[in-house]
Amino acid sequence: MVWPSRCHTPTTMTAEGKDAQRVIIAVDGPAASGKSTTAREVARRLRFLHLESGAFYRAITFALLADGVPEATWEGLRPEELDRFRIRGARGEHNGVQISVGDQTVDQELRTQEVNDHVSHVARIPAVRTWLLQRLRDLAGREDVVSDGRDIGTVVFPDADVKVFLVADPEVRARRRLAERDIHQPDRDTLLQEIGRLLERDRIDSEREVAPLKKAVDAVKVDTTSLTFDEQVDAILELARGRLAAGRA
Ligand code: DC
């Protein structure tokens, strides 16, 4: 299914301040629930911009680590101090956003074990969230967007047209995460260790005070435990089609 690109002028605002002309699809869920890959494909099919918010938390983590800022001082960071890392997002290939830190474009650098191990800490720092919130909204501009993260439907785009909350069994999530690192038949210890890491990240993401991971009341929960990738994508496209058709009626 492909929707034609939408015309954004003249702009009409909803009561909540969202540009009524554009469409926002919010995909939230815990680590390794399949949010980003699914959101990317949904965006590709619809020709929407894919805005992966987790990548920005990773970029900030990468910048802090690369710059050697002591972890003990992260909590006290002020939003203005993050400017010096020159973290930018620009429209990249395949409807995505290419992130750069200073003069370096970053991609694989955001997926290292070191970044994985520190990103939940960075994501619960209020200054980081304040700094990023406006940037995510600015990046989305007035485009049609599929955005994924933990607080997209609750905080970043509370007026999103379609809200999806993806969940999956922890073992399935751990296997997916390991497969990303080319570990396809993990031994029991490796699997248990990965499940432990994921559950710890879920705990930190859900229990933090600022913008915790939680399902928006109006989000639709989709359990991807026994869905194939194509089925996940279709489930979201189906929901989007239904919601948007209802909205236009
Ligand atoms: O989806 P991910 O694993 O790339 O997310 C990286 C971290 O960023 C994870 O600890 C949760 C956090 N995050 C967040 O707090 N809010 C978002 N909207 C997206 C990610």
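One-based numbering, in listed order, for ligands and for the atoms of each.
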Step through the shown structure and confirm whether more than 12 heavy atoms of other residues, nucleotides or ligands are within 6.0 Å of [atom1] on [X].
X: Glu209; atom1: CD; result: no
X: His94; atom1: NE2; result: no
X: Gln113; atom1: CD; result: yes

Anything with a heavy atom under 4.0 Å from ligand 1 counts, so go ahead and list those protein residues by chain and number.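 The 4.0 Å shell around ligand 1 contains Lys35, Ser53, Gly54, Tyr57, Arg58, Val119, Ser120, Ala123, Arg129, Gly149, Arg150, Asp151, Arg201, Asp205, Arg208.
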
Pair Asp187-Thr190, side-chain donor/acceptor within less than 3.5 Å: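 Looking only at side-chain atoms, Thr190 and Asp187 do form a donor-acceptor pair, the distance falling under 3.5 Å.
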
Taking side chain to side chain donor-acceptor pair (under 3.5 Å) as the test, write out the residues that go with Ser226, two or more places apart.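 Residues passing side chain to side chain donor-acceptor pair (under 3.5 Å) with Ser226: none at all.
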
Is the charged tip of Arg129 near the ring of Trp131: under 6.0 Å from the six-membered ring centre and within 45° of its axis?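 Checked: cation-pi criterion not met.
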
